[in-house]
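Written below as structure tokens is the structure these notes are about.
Each chain gets a letter, A, B and so on, in the order its sequence line appears, and its residues count up from 1.
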Amino acid sequence: MRASQFFISTLKEAPGEAELVSHRLMLRAGLIRRLGSGLYTWMPLGLRVLRKVENIVREEMDRAGALELLMPAVIPAELWQESGRWDKFGPQMLKIRDRHERDFLFGPTHEEVICDVARKEIRSYRQLPVNWYQIQSKFRDEIRPRFGVMRAREFLMKDAYSFHEDYASLEATYQRMYATYSAIFTRLGLHFRAVAADTGAIGGSGSHEFHVLADSGEDAIAWCPDSGYAANVELAEALAPAGQRAAAGAALTRVPTPGKTGNAELAEFLGIALAQTLKALLLIDGQGRPVLALMRGDHQLNEIKANKVVPDMRLASDAEIREHFGDAKGYIGPVGVDRSRVRVIADRSAALLADFCCGANEAPFHLTGVNFGRDCPEPDLVADLRTVEAGDPSPDGGGTLEICRGIEVGHIFQLRTRYSEAMQVTFLDRNGSATPAEMGCYGIGVSRVVAAAIEQNHDERGIIFPRAIAPFEVAIVPMGLARSEAVRAAAETAYDALRAAGFDVLLDDRDERPGVLLADQELLGIPFRVVIGERGLKEGLVEFQGRRDAEARKIAPADLVATLKAAIAH
RNA sequence: CGGGGCGUAGCGCAGCCCGGUAGCGCGCCUGCUUUGGGAGCAGGAUGUCGGAGGUUCGAAUCCUCUCGCCCCGACCA
């Protein structure tokens with residue numbers, strides 16, 4: 001491609017709306033332009049990247065035996081009412097009404113539609129398993145779209161759905177998809193990690209997320225370098241500390257602690273370890289009932305875990321704290337709580353504390369030397385409620401956890417029969433009886449992959465695209481093409497040679513000054529560049545430089561293709 | 001939805017507090033010069049100051065209402 005025939009529109013300064021590096025760079029490089037909140041146009045340059053990602057995903061899905069189809073983006077409401085998600089998915093859906101006042105939605109995901117296809121088409125176990133996928137625009141009316149295409153409202157997604165006669169078959173396909181996803185992200189040239197995950201709103205049993213690792217990622221991942229364990233911190237189990245609770249040794253003492261409502265300042269004030277303090281958080285369950293959650297002072301409540309123990313829970317408001325604990329906000333604790341009214345649950349670590357310090361349920365006092373069983377009843381329930389931290393033992397017993405951050409770009413689920421039962425996806429099994437199909441689903445955020453790749457691969461000059469998804473693999477940058485016949489001839493020769501060798505090459509023949517051309521190449525993140533100038537040509541040489549290389553190498557023009565091939569192989 | 005902030009030329013911003021008829025840098029157009037790291041000089045174009053209403057002789061500026069956007073929290077590929 002010749003730049004003069006293409007459309008390159010770079011910005012020296014990023015629009016103020018963009019905060020995240022990838023978002024800024026995508027705007028600056030002219031990959032995308034914003035139309036509205038969470039709505040982006042993919043410009044020709046950006047679309048080349050998006051298509052490359054899409055094609056790799058497609059090739060690997062095809063290789064894994066999945067079949068591509070394409071479902072409508074607009075879905076009749078009845079299908080979603082049937083599955084019960086019309087109300088449940090709620091405000092995230094873009095609801096549409098047609099001229100006959102019939103309700104539709106713009107699909108945020110396609111379980112219902114694929115189930116409708118399956119129940120009409122699948123009659124016998126002989127037709128199973130199937131794995132159908134599509135690459136299509138989705139719309140989710142996010143509460144807060146942000147970071148450009150990283151969390152857009154309209155985005156491109158690859159979603160696949162498999163149907164099986166039994167769980168063994170589902171498991172086999174699930175493993176196949178796990179391997180396929182690994183192959184896809186490897187081919188994309190991304191540093192990624194597969195982690196055990198919570199199943200979230202989509203539901204089902206087994207689930208793994210695929211994260212592109214980047215410090216700016218929205219998710220925290222707990223992983224163990226020794227054992228290979230990896231899980232979203234939402235899910236990662238915090239093991240109970242080893243050993244028994246120590247015997248009570250200290251006397252219960254009430255101490256004034258004015259202004260010391262936080263555990264850290266409290267521990268400092270009293271000169272005790274933070275881990276020897278207890279924090280009490282008031283939760284409100286789905287029925288509006290109070291539940292007091294006890295955590296060790298140095299631990300964080302994991303709301304996802306808490307939700308599993310206290311369904312539909314939320315943190316209490318100040319007014320609710322006042323309702324149950326009077327004016328003791330900042331000083332609440334388990335001692336003297338009316339257990340007929342307030343259920344008390346404790347994290348495993350908190351439950352093992354002895355002689356601890358907690359709020360006295362009276363401002364401004366804390367109690368020290370507190371012990372379960374002696375000063376207050378044992379908790380009604382002990383469970384894993386806290387978020388794991390770096391240094392915690394790995395739940396599989398194989399070492400110590402580390403925490404890193406990631407961007408979720410893929411998610412695979414074993415849905416089992418959740419949807420097939422609701423949507424009547426049954427087939428006649430080997431015994432001739434109607435059976436709901438086992439089901440799996442597998443998503444990849446195609447457009448998000450582009451942002452994630454940039455988030456992971458950039459420097460102060462711009463994007464550094466992995467070769468597999470770069471808009472062009474190599475750029476020819478002539479110095480003074482319009483002025484020098486020698487440069488023009490050498491650039492054209494190089495262009496022809498690289499194209500003939502099968503490379504995706506950009507000849508930057510724009511009539512711009514050298515500084516502009518070089519800066520643009522770096523901003524666009526094209527992996528390799530060939531600088532051709534009169535200076536070098538006098539010695540019979542051109543310059544070859546990888547985007548990450550500190551310096552250019554001078555090579556003979558005839559060696560260009562071989563040099564590029566060697567650099568790629570390296 | 002809760003909390004913060006911003007809407008002035010294509011982009012980045014100043015002007016607003018203290019009303020007086022809109023400016024800077026980049027970009028864009030023309031010409032000349034320049035040409036290996038985002039050029040120089042000269043000339044030029046571009047604004048319903050987000051929108052509506054109000055106060056005033058006069059509103060980008062003050063008041064009210066609205067719309068849009070961004071950032072921080074709970075959701076997701």
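Remark: B/C6 base-pairs with B/G68. Criterion, Watson-Crick or G-U wobble with two distances under 3.5 Å. Here B/C76 sits opposite no nucleotide as a Watson-Crick or G-U wobble pair (both hydrogen-bonding atom distances under 3.5 Å). Of all nucleotides present, only B/A42 satisfies the Watson-Crick or G-U wobble test against B/U30, with each distance under 3.5 Å. Shown here, B/C17 forms no base pair; nothing in the strands shown gives a Watson-Crick or G-U wobble contact with both key distances under 3.5 Å. For B/U35, there is no paired base (Watson-Crick or G-U wobble, both distances below 3.5 Å). Nucleotide B/G25 is matched to B/C11 when pairs are restricted to Watson-Crick or G-U wobble geometry with both distances under 3.5 angstrom. Across all strands shown, B/A60 has no partner, as no Watson-Crick or G-U wobble contact with both distances under 3.5 Å is found.
With no hydrogens or angles considered, a side-chain donor-acceptor pair links A/R529 and A/Q545 at under 3.5 Å. Between the side chains of A/D159 and A/Q134, a donor-acceptor pair is found at a separation under 3.5 Å. Under 3.5 Å, the side chains of A/T10 and A/D520 contain a donor-acceptor pair of N or O atoms. Side-chain contact annotation: A/Y133 with A/N131, donor-acceptor N/O pair under 3.5 Å absent. For the residue pair A/Y442 and A/T173, no side-chain donor N or O sits within less than 3.5 Å of a side-chain acceptor on the partner. Donor-acceptor pairing under 3.5 Å is recorded for the side chains of A/R85 and A/Y419.
Across all strands shown, A/V531 has heavy atoms under 4.0 Å from base atoms, whether or not it also approaches the sugar-phosphate. Among the atoms of the strands shown, none is found under 4.0 Å from any heavy atom of A/R153. Nucleic acid contact for A/A18: none, since no nucleic acid atom lies under 4.0 Å from a heavy atom of the residue. Using a 4.0 Å heavy-atom criterion, one finds that A/E234 contacts no nucleic acid atom at all. A/E303 comes within contact range of no nucleotide atom at all, as no heavy-atom separation falls under 4.0 Å. Counting non-hydrogen atoms under 4.0 angstrom, A/V409 reaches the backbone sugars and phosphates but no base. In this structure, A/D520 reaches the bases: a heavy-atom distance under 4.0 Å links it to at least one base atom across the strands shown.
With both ends at atom P, the span from B/G54 to B/A14 equals 30 Å, rounded to whole Å. Straight-line distance between the C1' atoms of B/U21 and B/G15: roughly 14 Å, to the nearest whole Å. Of the C1' atoms belonging to B/C28 and B/G47, the separation is 15 Å, rounded to the nearest Å. Taking atom P in both B/C26 and B/C63, the straight-line distance is 35 Å, to the nearest Å. A distance of about 47 Å separates the C1' atoms of B/U55 and B/A42, rounded to the whole Å. Rounded to whole Å, the separation between the P atoms of B/C13 and B/U30 comes to 29 Å. When the C1' atom is used for both B/C57 and B/C1, the distance is 46 Å, rounded to whole Å. Comparing the P positions of B/G36 and B/C24 gives a spacing of 32 Å, expressed to the nearest Å.
In the interface, the side chain of A/R314 is not paired with the base of B/G73 through any donor and acceptor atom under 3.5 Å apart. Contact annotation: side chain of A/E522 to base of B/G38, donor-acceptor pair absent below 3.5 Å. With hydrogens and angles ignored, no donor-acceptor pair closer than 3.5 Å exists between the side chain of A/R34 and the base of B/C70. No hydrogens or angles were tested; on distance alone, nothing pairs the side chain of A/R146 with the base of B/C69 as donor and acceptor under 3.5 Å.
Checking the phosphate oxygens (OP1, OP2) of B/C70, a side-chain nitrogen or oxygen of A/S37 falls inside 4.0 Å. Taking only side-chain nitrogens and oxygens, A/R513 comes nearer than 4.0 Å to OP1 or OP2 of B/A39. Here A/R144 reaches the OP1 or OP2 of B/C72: one of its side-chain N or O atoms lies under 4.0 Å away.
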N/O contacts under 3.5 Å, protein versus nucleotides 46-49 of chain B?
none

For nucleotides 23-28 of chain B, print each protein N/O atom paired with a nucleotide N/O atom at under 3.5 Å, atom names and distance only.
unit_1, atom_1, unit_2, atom_2, d
B/G25, N2, A/E13, OE1, 3.4

CA sep, side-chain torsions, deciding dist, call: A/E59, A/R187, salt bridge (Lys or Arg N to Asp or Glu O under 4.0 Å): CA-CA 11 Å; A/E59 282 177 23; A/R187 266 190 75 184; 3.0 Å; yes
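Here B/C76 presents its C1' atom at 13 Å from CD of A/E111, a figure rounded to the nearest Å.
Of the residues near RNA chain B, A/F210 and A/E543, the one whose nearest nucleotide (by heavy atom distance) lies more toward the 5' end is A/E543. When each of A/G410 and A/R461 is assigned the nucleotide of RNA chain B bearing its nearest heavy atom, the one mapping closer to the 5' terminus is A/R461.
Residue A/L213 forms a side-chain contact (heavy atoms from CB on, under 4.5 Å) with just one option from A/R405, A/R193, A/E455, and that option is A/R193.
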